[in-house]
Protein chains: 2
Amino acid sequence: MPYKERDIEKQYYTIGEVAAQFDVAPSLIRFWETEFEDLKPRKSKKGNRLYSPQDIETFRTIYHLVKERGYTIPGARDIMKQRGPQLKEKVDVIHSLEKVRNFLVQLRKELDVAGKQQNPAQQPEQ
Amino acid sequence: MPYKERDIEKQYYTIGEVAAQFDVAPSLIRFWETEFEDLKPRKSKKGNRLYSPQDIETFRTIYHLVKERGYTIPGARDIMKQRGPQLKEKVDVIHSLEKVRNFLVQLRKELDVAGKQQNPAQQPEQ
DNA sequence: ATGTCGCGCTCTTTGTAGGGCATGGGGCGG
DNA sequence: CCGCCCCATGCCCTACAAAGAGCGCGACAT
């Protein structure tokens with residue numbers, strides 16, 4: 001397993017928060033809910049979707065397959081059935097690396113403010 | 001004469017033969033030719049496509065990715081650039097790590113120039 | 001031999017069904 | 001009133017298929 005990060009995670013997110021986090025439209029999240037069995041968030045009494053951190057992970061996996069790897073929706077469904085656990089670890093690793101990257105970017109900002117004179121390092125992409 | 005000529009003929013397949021072998025329409029093979037750089041068969045003087053065994057292998061790979069694994073065409077193109085589906089996923093991780101490493105190397109350079117600061121960086125949030 | 005007819009295969013260009021969402025309307029609740 | 005709910009419908013590309021035209025080769029007659 002990838003290392004466990006000590007995040008203070010909210011228990012539930014609204015669809016708007018999830019949409020903002022991944023920069024997608026809420027309609028896309030609702031649409032994927034009709035396409036992927038695994039993406040079934042809780043709902044409040046009123047009917048609003050309540051996304052747990054686990055739901056976010058599921059969404060992230062789908063997002064990775066469809067938007068970053070180029071699977072069709074049926075193709076992504078198959079992969080999630082067959083190689084779900086293995087795949088999840090890879091996605092976790094990539095996500096952890098992205099967090100580290102964000103941290104480093106922030107760290108450099110602080111160092112720039114403190115030192116501020118030399119040419120800034122090129123920021124890693126992706 | 002029959003021996004030699006038959007041998008030469010077997011070096012190449014027509015589009016109809018390839019289509020029959022994979023049970024697809026010739027139009028699909030031509031379309032994929034416009035989408036995948038690697039699928040460029042020789043052409044006769046007349047302009048007819050001549051598929052070598054290597055071309056057949058290339059087509060088989062594309063067929064596998066698009067029809068059996070469920071990749072989109074852009075997704076399959078990306079995979080084709082690599083040297084194998086499993087390798088590709090490893091390469092993703094390695095590539096990410098290399099980017100982070102390059103960033104860190106550059107960051108260390110900056111720290112050498114800037115000298116030591118006691119400004120404690122915060123843990124990455126999230 | 002040689003015209004020529006037709007058939008099968010190919011070519012390129014143009015048409016199109018459906019996948020993958022987005023948008024708009026009407027309603028509700030905090 | 002803003003944000004979310006649920007539909008229904010709209011709509012733009014992707015991923016091919018169909019249409020229309022041309023070549024070449026065998027058969028058959030000349």
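Computed from a prediction, not measured in an experiment: that's the story for all the values here.
Between B:K67 and the phosphate of D:dA15, there is no side-chain N or O to OP1/OP2 separation shorter than 4.0 Å. Considering only side-chain N and O atoms, B:K45 lies nowhere under 4.0 angstrom from the phosphate OP1 or OP2 of C:dT10. Distances shown here put a side-chain N or O of A:R49 below 4.0 Å from the OP1 or OP2 atom of D:dC5. Side-chain N/O atoms of B:W32 include one lying less than 4.0 angstrom from OP1 or OP2 on D:dC16. Residue B:R30 places at least one side-chain N or O under 4.0 Å from the OP1 or OP2 atom of C:dC11. In this structure, A:T72 does not reach the C:dG19 phosphate: none of its side-chain N or O atoms is under 4.0 Å from OP1 or OP2. Distances shorter than 4.0 Å separate none of the side-chain N or O atoms of B:K46 from OP1 or OP2 on C:dT12. Applying the 4.0 Å criterion to OP1 and OP2 of C:dC21, one finds that A:S27 has every side-chain N and O outside that range.
Of the N and O atoms on the side chains of B:R69 and A:Y71, at least one donor lies less than 3.5 Å from an acceptor on the other residue.
Residues B:E35 and B:R77 are paired through a salt bridge, judged by an N-O separation under 4.0 Å between the basic side chain and the carboxylate.
The distance between atom CD of A:E33 and atom C1' of D:dC4, rounded to the nearest whole Å, is 13 Å. Straight-line distance from the OH atom of A:Y51 to the P atom of D:dC4: 10 Å, rounded to whole Å. The distance between atom CD1 of A:I73 and atom C1' of C:dG20, rounded to the nearest whole Å, is 6 Å. Taking atom CG on A:L28 and atom P on D:dC11, their separation rounds to 20 Å, with Å as the unit. Atom CD in A:E17 sits roughly 12 Å away from atom C1' in D:dC4 (whole-Å rounding). Atoms CZ (B:F31) and P (C:dT13) sit 15 Å apart, rounded to a whole Å. C:dT12 atom C1' lies 16 Å from atom CD1 of B:I29, rounded to whole Å. What separates CG of B:N48 from C1' of D:dG24 is a distance of 10 Å, to the nearest Å.
A:R60 forms no cation-pi arrangement with A:F22, by the criterion of a distance under 6.0 Å to the ring centre and an angle within 45° of the ring axis.
Side-chain contact between A:T34 and A:R30 is absent, with no heavy atoms from C-beta onward closer than 4.5 Å. Proximity of B:I73 to B:F36: side-chain heavy atoms (C-beta onward) are separated by under 4.5 Å at one or more points.
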